[in-house]
Q: 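Have a look at this one before I ask anything.
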Amino acid sequence: RMTDEVLKYLTQTRKLPKDVVEKFCLGATTLNGEPAVCLPYILDGQVVFHKERGIRTKSNMRRVPSGAPSLLFGLHLLDRRLPMATLTEGEYDAMAGYAYGIRNALSMPNGFDSFEPDWLRKLEWASSLMLGLDADQKGSDGSLKAAKKMGYARCYRVTWPMKDLNDCLMSGVSDTEIHQAMENAAALMPPDMGMAQDFYAEGIRNPALRKGSQTRWDDLNSFLGGIRLAEVTVLVGETGSGKSTYALNMAVDAAERDDHVLVVSRENSSLIASMKMASMISKVDSAKHTVGSPEEALVMGFYRKHPIILAHPKESLPKESLALMVRYACSHFGVSFVVLDQLHDFVDGPVEYERQYLEAYMRHIVTLKAETGAHFLVLAHPRATKKEGEEITMASIKGSATIKQVADNVISIARNTASEIEGAPKPVRFHLWKNRAVGTVGEWDLDYDTTTQTYESHKAFRREFENV
């Protein structure tokens, strides 16, 4: 049954034509002392359940019976002779669709989060699915979820002139504008796909995505171009070459650029790592820092302003545990620069299958890179079979060739003992062997100060190579 008050609400407030109200078999009831609309969910001529919604209080609603299976609203009006169906979020949006002349308009109760596998069977006949979910982030996310379940090839995202279709109806948006939005519906692609012009436009608008953030080392910037998001840089060097300390220098440098940092290390405890970085930040040996000293104030101020999260796994770190750690740091602290020290210490498996374990672990890091958009600095050991005096190259990385293949950049580090002068900073040689984005490669020296544990530019040596 229908009451005058509820009918007035539907036709004057919601702007639904009376014939649409009748098509959807709407009724009137009372819920918590308030007049309410009764919205029946009908399948094969039978009411499976109905929803009651108050006309004054948005949150005043219930489903009867509460345990009934989720169903698409408007199924009883489907015309399978038409090749297309339109999916909206709310019941009023689906009815607004009919008011605009859009046939086969359906509502997904509670958005796509309530998706039921049976919906696929109910919609398998449709060659095109127009996803007219709300014009907000939740609606965009729901459209991608829907396309993944129902098939990207037949799904299109409709962007209404206003937040949803019923808002358009209540605000007087014309039929022409609504049908134009339908015609302009965009094809939905899997997350890893996109149009070249869209990526190009993004690159033009944001050059930093191509060039990367600039570090405080001019030679590294010159060769590498900068630290770019969603890349993996492998740093390989012998034990004692200084790669862990240089990685901490890069962590501090990233923090200074306002990147939030995660350092996962089995090489250094979190206490040792924090003290080493304190020396780098203050330019004073942290062993000389005392409570209440200017150095303590400087370092504590830096750490509070520039978040650096430290993790020190006591044993090997399974891929799943690493993923949990990285996802947590990225989602809760906005981490965009991750140091993993060292790859070979994280992997635990039979020696005879070391290569396969390393390959799987490295591919997992690449997946995390794509998922989080962070830059990963991964430290790696060279092969134990390296000959005395042999230069470390990409081929020197211990384990699987996959490490160098999937890495975006590969840098080696080695002490330049031939140039060492007693009492002076120690020259350390770096060689960029692979640079996927920019292509330039070469080698350069940095001076290592054992007191402050910092690396500074060494202008005496720099050489560029042709990248083959």
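Everything quoted here is computed from the prediction, not taken from an experiment.
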Q: Does a donor on one side chain and an acceptor on the other come within less than 3.5 Å for Arg53 and Asn60?
A: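 Absent: no donor and acceptor within the cut-off.
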Q: Write down the atom of Arg14, the atom of Asn166, and the distance for their closest heavy-atom approach.
A: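 In this case the closest contact between Arg14 and Asn166 is NH1-OD1, 2.6 Å.
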Q: For residues 315-326, please give each side-chain donor-acceptor pair under 3.5 Å, one per line with the distance, not counting sequence neighbours.
A:
none

Q: Keeping the roles fixed (side chain from Glu177, backbone from Ser174), state whether a donor-acceptor pair exists under 3.5 Å.
A: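 Such a contact is found between Glu177 side chain and Ser174 backbone.
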Q: Rounded at 0.5 Å granularity, tell me how far CZ in Arg157 sits from CG in Leu129.
A: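 The CZ atom of Arg157 sits 14.0 Å away from the CG atom of Leu129.
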Q: So does Ala374 get a backbone contact from the side chain of Ser336, meaning a donor-acceptor N/O pair under 3.5 Å?
A: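 Side chain of Ser336 to backbone of Ala374, a donor-acceptor pair under 3.5 Å: no, none is there.
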Q: Looking only at heavy atoms, which two atoms of Tyr92 and Leu10 are closest? And how far apart?
A: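 Here Tyr92 and Leu10 meet closest at CE2-CD2, 3.7 Å.
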Q: Could you tell me whether a side-chain N or O of Gln453 sits under 3.5 Å from a main-chain N or O of Ala278, the two making a donor and an acceptor?
A: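 No: the side chain of Gln453 does not pair with the backbone of Ala278.
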Q: For this output row, return yes or no: ring centroids of Phe24 and Tyr98 closer than 6.0 angstrom.
A: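 Yes, ring centres under 6.0 Å apart.
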Q: Below 4.5 Å, heavy atoms only, C-beta onward: do Leu26 and Met95 meet side chain to side chain?
A: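 Answer yes - side chains close enough.
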Q: Quick one: pull up OH in Tyr156 and OG in Ser143 and give me the separation to the nearest 0.5 Å.
A: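 Going from OH on Tyr156 over to OG on Ser143, the span is 14.0 Å.
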Q: How close do Ser282 and Val299 get, counting heavy atoms only, and between which atoms?
A: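 Shortest heavy-atom contact: CB-CG2, 4.1 Å.
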Q: Is there a side chain to side chain contact (heavy atoms under 4.5 Å, CB included) between Ile227 and Phe337? Walk through the geometry before answering.
A: CA-CA 9 Å; Ile227 302 299; Phe337 188 83; 4.0 Å; yes
Q: When you measure from the side chain of Glu202 to the backbone N and O of Asp198, does any donor-acceptor pair fall under 3.5 Å?
A: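 Not a single qualifying donor-acceptor pair exists.
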Q: Working to the nearest 0.5 Å, report the span between CE of Met275 and CE of Met280.
A: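 Met275 atom CE to Met280 atom CE measures 12.0 Å (nearest 0.5 Å).
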Q: Could you name each residue pair satisfying ring-ring contact (aromatic ring centres under 6.0 Å, His included) that touches residues 293-326, not counting sequence neighbours?
A: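 Counting only pairs at least two positions apart or across chains, the ring-ring contact (aromatic ring centres under 6.0 Å, His included) contacts touching residues 293-326 are Phe302-His306.
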Q: Would you please test Ile178 and Cys168 for side chain to side chain contact (heavy atoms under 4.5 Å, CB included) and show each step?
A: CA-CA 8 Å; Ile178 295 300; Cys168 293; 3.9 Å; yes
Q: Hey, does Tyr361 have a side-chain heavy atom less than 4.5 Å from the side chain of Leu343?
A: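 The answer is yes, as the side chains (C-beta and beyond) meet within the 4.5 Å cut-off.
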Q: Indicate yes or no for a side-chain donor-acceptor contact from Arg266 to the backbone of Asp345 under 3.5 Å, with no hydrogens or angles considered.
A: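 Looks like yes, one N/O pair under 3.5 Å.
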Q: Please report the closest heavy-atom contact between Lys434 and Ala407, naming both atoms and the distance.
A: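 Nearest pair, atom of Lys434 first, then Ala407: NZ-O, 2.8 Å.
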Q: Does the distance from a Lys or Arg side-chain N to an Asp or Glu carboxylate O, for Arg56 and Glu5, drop under 4.0 Å?
A: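 So Arg56 pairs with Glu5 through a salt bridge.
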Q: Do other residues, nucleotides or ligands put more than 12 heavy atoms under 6.0 Å from Lys283 NZ?
A: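 More than 12 heavy atoms, drawn from other residues, nucleotides or ligands, come within 6.0 Å of this atom.
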Q: Hey, do the aromatic rings of His260 and Phe333 have their centres closer than 6.0 Å?
A: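 No - the distance between ring centres of His260 and Phe333 does not fall below the 6.0 Å cut-off.
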Q: Do side-chain atoms of Asn435 reach the backbone of Thr440 as a donor and acceptor pair under 3.5 angstrom?
A: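 Looks like yes, one N/O pair under 3.5 Å.
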Q: How long is the gap from OG on Ser244 to CD1 on Ile413, to the nearest 0.5 Å?
A: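 Going from OG on Ser244 over to CD1 on Ile413, the span is 9.0 Å.
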Q: In Å, rounded to the nearest 0.5 Å, how long is the span from NE2 of His289 to OG of Ser286?
A: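 One gets 5.5 Å once the value is rounded to the nearest 0.5 Å.
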Q: Judged by atom type as modelled, is there a donor-acceptor pair below 3.5 Å linking the side chain of Ser66 to the main-chain atoms of Arg63?
A: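 Side chain of Ser66 to backbone of Arg63, a donor-acceptor pair under 3.5 Å: no, none is there.
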Q: Could you check whether any side-chain heavy atom of Ile411 comes within less than 4.5 Å of a side-chain heavy atom of Val234, counting everything from C-beta outward?
A: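 Counting from C-beta outward, Ile411 and Val234 never come under 4.5 Å.
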Q: Between Lys369 and Asp408, does the salt bridge (charged side-chain N to carboxylate O under 4.0 Å, His left out) criterion hold? Intermediate values first, please.
A: CA-CA 11 Å; Lys369 160 199 96 168; Asp408 298 283; 3.2 Å; yes
Q: Does any part of the side chain of Val438, heavy atoms only, come nearer than 4.5 Å to the side chain of Arg228, both counted from C-beta?
A: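 Arg228 reaches Val438 side chain to side chain.
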Q: Within a 6.0 Å radius of atom CG on Asp19, are there more than 12 heavy atoms belonging to other residues, nucleotides or ligands?
A: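 Enclosed.
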Q: Less than 6.0 Å separating the ring centroids of Phe223 and Trp217?
A: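 Ring centroids of Phe223 and Trp217 are no less than 6.0 Å from each other.
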Q: Please answer whether the main-chain N or O of Asp134 pairs with a side-chain N or O of Trp160 as donor and acceptor at a distance below 3.5 Å.
A: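 Not at all, since once roles are kept as given, no pair shorter than 3.5 Å links the two residues.
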Q: Would you indicate whether the side-chain heavy atoms of Val232 and Val378 approach each other to under 4.5 Å?
A: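 A side-chain contact under 4.5 Å exists here.
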Q: Distance only, no hydrogens: is a donor on one side chain within 3.5 Å (strictly under) of an acceptor on the other, for Thr57 and Glu34?
A: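 Per modelled atom types, Thr57 and Glu34 side chains form a pair under 3.5 Å.
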Q: So which atom in Ser265 and which in Asn268 form the shortest heavy-atom distance, rounded to 0.1 Å?
A: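 Heavy atoms only, the tightest pair is OG-N, 2.9 Å.
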Q: Could you tell me whether the side chains of Asn409 and Thr233 share a donor-acceptor contact shorter than 3.5 Å?
A: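 Short answer, yes.
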Q: When you check the side-chain N and O atoms of Tyr41 and Glu91, is any donor under 3.5 Å from an acceptor?
A: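 The criterion, which ignores hydrogens and geometry beyond distance, is satisfied for Glu91 and Tyr41.
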Q: Is a side-chain N or O of Asp79 found less than 3.5 angstrom from the main chain of Asn104, in a donor-acceptor match?
A: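 No.
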Q: Nearest heavy-atom pair of Tyr100 and His179: which atoms, and what distance?
A: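 In terms of heavy atoms, the two residues are closest at O-NE2, 2.8 Å.
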Q: Please step through side chain to side chain contact (heavy atoms under 4.5 Å, CB included) for the pair Lys23 and Leu77, ending with a clear verdict.
A: CA-CA 8 Å; Lys23 279 182 179 179; Leu77 295 176; 4.2 Å; yes
Q: Closer than 4.0 angstrom, basic N to acidic O: yes or no for Arg327 and Glu371?
A: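 Judged by the 4.0 Å cut-off on N to carboxylate O distance, Arg327 and Glu371 do form a salt bridge.
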Q: Is the shortest heavy-atom distance from the side chain of Val347 to the side chain of Glu354 under 4.5 Å?
A: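 Sidechains of Glu354 and Val347: no contact.
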Q: Let me know which of Lys243, Glu231, Met250 forms a side chain to side chain contact (heavy atoms under 4.5 Å, CB included) with Leu377.
A: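 Checked Lys243, Glu231, Met250 against Leu377; only one passes side chain to side chain contact (heavy atoms under 4.5 Å, CB included): Met250.
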Q: How long is the span from the CG atom in Asn249 to the CE atom in Met277, to the nearest 0.5 Å?
A: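 Nearest 0.5 Å value for the CG-CE distance: 10.0 Å.
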Q: Within the 4.5 Å heavy-atom criterion, are Ile309 and Val263 side-chain neighbours or not?
A: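 They are not in side-chain contact.
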Q: Do the side chain of Thr30 and the main chain of Gly33 share a donor and acceptor less than 3.5 angstrom apart?
A: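 No; zero donor-acceptor contacts below 3.5 Å.
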Q: Between Asp259 and Arg257, is the closest basic N to carboxylate O distance under 4.0 Å?
A: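 Asp259 and Arg257: salt-bridged.
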Q: Within a strict 4.5 Å, meaning less than it, do heavy atoms of the Leu379 and Leu340 side chains meet?
A: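 In short, these two side chains do not touch, never coming nearer than 4.5 Å.
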Q: Can you list the steps and then say if Thr86 with Val158 is a side chain to side chain contact (heavy atoms under 4.5 Å, CB included)?
A: CA-CA 9 Å; Thr86 300; Val158 183; 5.7 Å; no
Q: Check this for me: Arg81, atom CZ, are more than 12 non-hydrogen atoms of other residues, nucleotides or ligands nearer than 6.0 Å?
A: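 Counting other residues, nucleotides and ligands, CZ of Arg81 stays at 12 neighbours or fewer.
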Q: Would you check, one step at a time, whether the test ring-ring contact (aromatic ring centres under 6.0 Å, His included) holds for Phe430 with Tyr246?
A: CA-CA 11 Å; Phe430 293 81; Tyr246 184 65; 4.6 Å; yes
